[in-house]
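Report on the structure given below.
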Amino acid sequence: MANKLTVSLSPHVHGGDSIQRNMYGVLIALVPALLVSLYMFGLGALIVTLTSVAACLFFEWAITKFILKRGCSTLCDGSAAITGVLLAFNVPSNLPIWLIIIGALVAIGIGKMTFGGLGCNPFNPALVGRIFLLISFPVQMTTWPVAGQLLAYTDVNTAATPLALMQQGHLSDLPDTLSLFLGNNAGSLGEISALALLLGGAYLLWKKVITWHIPVSILATVFVFAGIMWMVDPAGYASPLVHLFTGGLMLGAIFMATDYVTSPMTHKGQIIYGVCIGFLTVLIRLFGAYPEGMSFAIFIMNAFTPLINTYCKPKRFGEVVKK
Amino acid sequence: MKTFKIGGVHPAENKLSAGKAIETLGLPKQAVFPLSQHIGAPATAIVKKGDVVKVGTKIAEAGGFVSAPIFSSVSGKVNKVDTVIDASGYRKPAIYIDVEGDEWEEGIDRSQDLVTTCNLTPEQIVAKIKDAGVVGMGGACFPCHVKLCPPHGAKAECVIINAVECEPYLTADHRLMLEKPEQILVGVSLLMKAAKVEKGYIGIENNKPDAIRLLTEKSKDYSNIEIVPLKVKYPQGGEKQLVDAVINRQVPAPPAIPVSVGAIVQNVGTAYAVYEAVMKGKPLFERVVTVTGHSLSNPSNFLTRMGTPMRQLIDAAGGMPEDTAKIIGGGPMMGKALMNAEVPICKGSSGVLLMNDKEARRAKEQPCIRCAKCVGACPMGLEPFLLATLSELKDWERIEKEDVMSCIECGSCQFTCPSHRYLLDYIRYGKTTVGGIIRARNAKK
Amino acid sequence: MNVILIAVISLGAIGLISAIVLYVCSKKFAVHEDARIAQVAEVLPQANCGGCGYPGCAGFAGACVKAADAGSLEGKLCPVGGAPVMEEVAAILGMEAVVTEPKVAVVRCNGTCENRPRTNVYDGAWNCAIANATAIGETSCAFGCLGCGDCVAACQFDAIHMNPETGLPEVDEEKCTACGSCVKACPRHIIELQPKGKKGRRMVVMCVNKDKGPVANKVCAVSCIACGKCAKVCEFDAITIEANLAYIAPQKCRLCRKCEEACPKNTIHAMNFPPRKPKVEVVPAEKPARVSNGNEPTKVEQ
């Protein structure tokens, strides 16, 4: 026998799950939405996505190496790549490159690495980047190109998104629900096709990368709350289906809110988190100054996650419910 | 199909030796009997250097109520009463016996005939079990008679036999069920009689359909014993999980034990040992041990005399493979890695698992990504990530409030962690420390 | 008029309610603090250096009052103020000042990679307490240093470090405040607080192995085998052998260094002594686990 015997505590076997597997699972799940956006926005979508991913990876590597001076890099675990893709999915496809790079720096630098890197960030890094861009560069961030101009980048014709139409009260100008569902409308790069995002979500659920609790509770809350408002005043408010299929709701519910690091740990907590996000989203959409509330809702609830974690404990085995 | 409700994982089964009949292993040259082979007070040696012992001679007396006597598994001369290096490398008191011949104590019925009639009273059965040194054969080695005498205020309603064998690789119980079904059923009815209960269950995971079929058929004669097939899920062999799966009752947090909800849980190997102790007058000195591993040429199940060094079992199973990097006493989920292969087989040794250098190494720890998979996997409804962090920070007060003492150390959290964090290492550390704090507090009162 | 009245009444009402709330809170959440703590804190140097092992001077003052209530000020020493300050503290608390010699932490294991062969590989959480509970460690010595550095993590003063070559912790005697954190952190009780001695010189048995001689001899090249030669050679009865282990009582030791020569396994180390005269061979290979170089005069006198 050549080896020295290893001693360690049990368990001596591992299920084989890894960070990489989960992160690449998310990336694969994002592929359908990427394909749709390539089909709809063409060259712009490609440039924005590639720039964003490359910039995020670069900043992750550079900060780990030169500022944190850590030996092992988290570059290959896929988390920075996800931040890049999600950031790209959250911006219009005609965003100039320099803005994307600033967004990536804020997302990785401020949103993630200042807190200690993977696993320590209180807010979803991609959201930090997006919200920073949205508040700092509102004009560029709210001019959405019209779908179908495959070879144009920053010089495209722009149009209002369905949510902006709703905000301004032009309910009759909304595209029909089917084209909203398929993605044939103006909007941020990755959020337009609810169908593609749902496909990705189904893949994540199948691979057990995420559980159903957060997406379902968000979508259900939005549906119910928007439905109540619609029933009260069908002329003033859009139908709940329109709410479900427009804006960043699907993208947020399936990919952003379910971010491991920033969402609660217990199923009970996840449902509370999801319901609050759904409620806040509709609240901002219907009564707030911004047409879209998804990113702010997730951002606010990210801040509440530690609190939810403290007060939502899983049911202990054999626990007798106090009467 | 039944199973427990919260958490659980599905490790690869790897039951390499499931098809191998139990073989009897040859005698060792020297047998070593550590005095602490069970939970509770260590036994006290009653032999000294030069004493002649036979197979079945009592060599150490129980050191208290929660303790068990130890019997020689070989005949020969006591070489010395000294220390032996145990699985973790520390020296523990032990008795060394040089083997000469194979002479058995009188009064042990060595025939293979099945004895089914028993005229003893429950108290006499418990006394016989106690005198035969029978302990839980699943690994924890809790003295069997203690479980049969429930504490004041608790009343047993049924006996649940743990034939789940949820640990990957191990097949000792499985083979025992296939080869000694009648004896096991008699053992179960003895346990029921001793505990004065009317109902017995044998919980078997459905990855052993042959055992389920055989025992169901044989149990037709025993109207009050029910075979319960269970859905495969680790850690079904945990006492509390098994009670939950079989009779759907949840044992509250410690200090509650299964009998608090009316169940007495015993391992299937224990039931067989009880049969032999009561019906055949044979004390506990041999057991079935699985020797297994992917690199091993001939994974097997051996009927082994206690005190045999593990190396002898490994040699009998095809010799120590060149690439062995870890030897585990028990299964891969809860077993203990051994410092060397000379450790003797004890009452609780259910298996010897060899791992090659690839399997043996744990992956590198990565930062916690708070995915909550450990929370989902924990069969006790705990938050392993939190317990591990609190233990790392030595926040004993808070970790106690987070119910660290409920942890059954099944390893599901660490098994499932995508960041390969050493969750259970830290939780166990916290549990031991908090256990000490609680004991100190109780002692003060 | 009316406006003024309303303003006065409403402001008055707010004031009253706030006062009641403040009163209730101050009563309900009142923290009782011993008046002596403030008095003691006053005579302390207020350097808040933490050298005493407590979080700042206030923490030390609290600990002193607690210790006084328990009956003795033993072990409490302000390293900055020294004996005069401690006498003042004792006077406030109505106690006798216990003259405490300055102490230093000593790592009593010399099981370097060369001296103590590695027999196994430990693959688990890098924490001595856990490693100790898992198994005996990477060597066959059940008493020696595990090398995971719990003591290093416990030290608040950056006074103890792992030497990557030997795999053993080394104490920086200049920085060590003898707070005892490392002593508590070590699961194997290898680290001991010992009086610093004159010029930091002292004799130490660098081993805590309590196994019988032959066993101890096998696991490590520099283990104490309790042969008793040191005890025999000692003229001052300073060395006792208990549980298969020699121990030099620092109070009795006169630093004659005879035991060092007598020890057949080089287990006894003379610390901080100037190098021996050439007639005796210098043993640089057996560097004790310490930091300050024995060749230069040490500056440990207070």
Side-chain angles (χ1 to χ4, degrees), chain A residues 1-23 25 70 72 74 76-79 116-122 208-211 213-214 258-270 305-306 309-310 312-320, chain B residues 6 9 11-12 88-89 168 240 244 250-253 256 320 322-328 332-340 353 355 357 359-363 366-373 375-376 378-383 385 403 406 409 411 414-420 424-425 428:
Chain A
M1 198 175 64
N3 304 303
K4 284 176 185 163
L5 286 181
T6 306
V7 281
S8 61
L9 289 169
S10 66
H12 305 285
V13 283
H14 191 270
D17 200 0
S18 65
I19 297 184
Q20 281 84 341
R21 200 193 73 91
N22 286 296
M23 296 295 174
R70 281 190 199 150
C72 56
T74 45
C76 300
D77 63 20
S79 59
L118 181 64
C120 306
N121 46 307
K208 294 194 174 130
V209 175
I210 59 169
T211 56
H213 303 81
I214 294 176
T258 54
D259 173 36
Y260 286 148
V261 183
T262 53
S263 59
M265 309 285 270
T266 62
H267 294 330
K268 222 186 329 178
Q270 288 173 346
T305 295
N309 276 339
T310 312
C312 278
K313 295 285 160 193
K315 187 180 174 289
R316 309 285 195 229
F317 182 92
E319 188 180 38
V320 187
Chain B
I6 314 176
V9 291
S88 39
K240 295 181 171 184
D244 183 19
Q250 288 76 36
V251 184
M320 181 90 73
E322 195 47 37
D323 58 357
T324 306
K326 200 188 241 180
I327 305 178
I328 298 161
M333 291 300 283
M334 290 191 73
K336 207 166 171 17
L338 309 179
M339 289 286 287
N340 63 57
L353 169 60
M355 280 189 164
D357 28 21
E359 299 167 303
R361 273 275 154 186
R362 285 178 173 186
Q366 282 172 305
C368 172
I369 52 167
R370 309 172 65 75
C371 64
K373 288 192 177 178
V375 181
C378 181
M380 299 306 290
L382 304 172
E383 291 155 285
F385 76 97
D403 301 305
S406 297
E409 303 180 22
Q414 196 168 324
F415 176 84
T416 195
C417 179
S419 293
H420 297 268
L424 190 53
D425 287 18
R428 221 185 245 118

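Side chains included, hydrogens not; waters and symmetry mates left out as well; all remaining heavy atoms used. Each chain gets a letter, A, B and so on, in the order the sequences are listed, and its residues count up from 1.
Contacts between B:Cys371 and chain A at a heavy-atom distance below 4.5 Å involve backbone atoms as well as side-chain atoms. Contact annotation for B:Glu383: both backbone and side-chain heavy atoms come within less than 4.5 Å of a heavy atom of chain A. At a 4.5 Å heavy-atom cutoff, the contact between B:Leu424 and chain A is made by side-chain atoms alone. Of the two parts of A:Asp259, neither the backbone nor the side chain holds a non-hydrogen atom closer than 4.5 Å to a non-hydrogen atom of chain B. The part of B:Leu338 that comes within reach of chain A is its backbone (N, CA, C, O), which places non-hydrogen atoms under 4.5 angstrom from that chain. Proximity to chain A is absent for every atom of B:Pro168, based on heavy atoms less than 4.5 angstrom apart. In this structure, no portion of B:Ser406 lies under 4.5 Å from any heavy atom of chain A.
For B:Asp244, the salt bridge (Lys or Arg N to Asp or Glu O under 4.0 Å) test picks out B:Lys5, with sequence neighbours left out. Residues that satisfy the salt bridge (Lys or Arg N to Asp or Glu O under 4.0 Å) test with B:Lys373, not counting sequence neighbours, are A:Asp17.
In this structure the side chain of B:Met339 never reaches within 4.5 angstrom of the side chain of A:Leu5, judged on heavy atoms.
Contact record, A:Pro11 with B:Phe415: CG-N, 4.3 Å, taken as the closest heavy-atom pair. Across every non-hydrogen atom of B:Pro367 and A:Ile19, the tightest pair is O-CD1, 3.9 Å. When all heavy atoms of B:Met333 and A:Ser10 are compared, the closest pair comes out as O-CB, 3.2 Å. Contact detail for B:Ala337 and A:Ser8: the closest heavy-atom pair is CB-O, 3.5 Å.
Between the side chain of B:Arg370 and the main chain of A:Tyr260, no donor-acceptor pair closer than 3.5 Å is present. Side-chain atoms of A:His267 do not come within 3.5 Å of backbone N or O of B:Gly376 as any donor-acceptor pair. Listed for the A:Thr6 side chain is no donor-acceptor partner under 3.5 Å among the backbone atoms of B:Lys326.
The candidate from B:Val9, B:Ile328, B:Ile6, B:Val375 with the greatest count of non-hydrogen atom pairs under 4.5 Å with chain A is B:Ile328.
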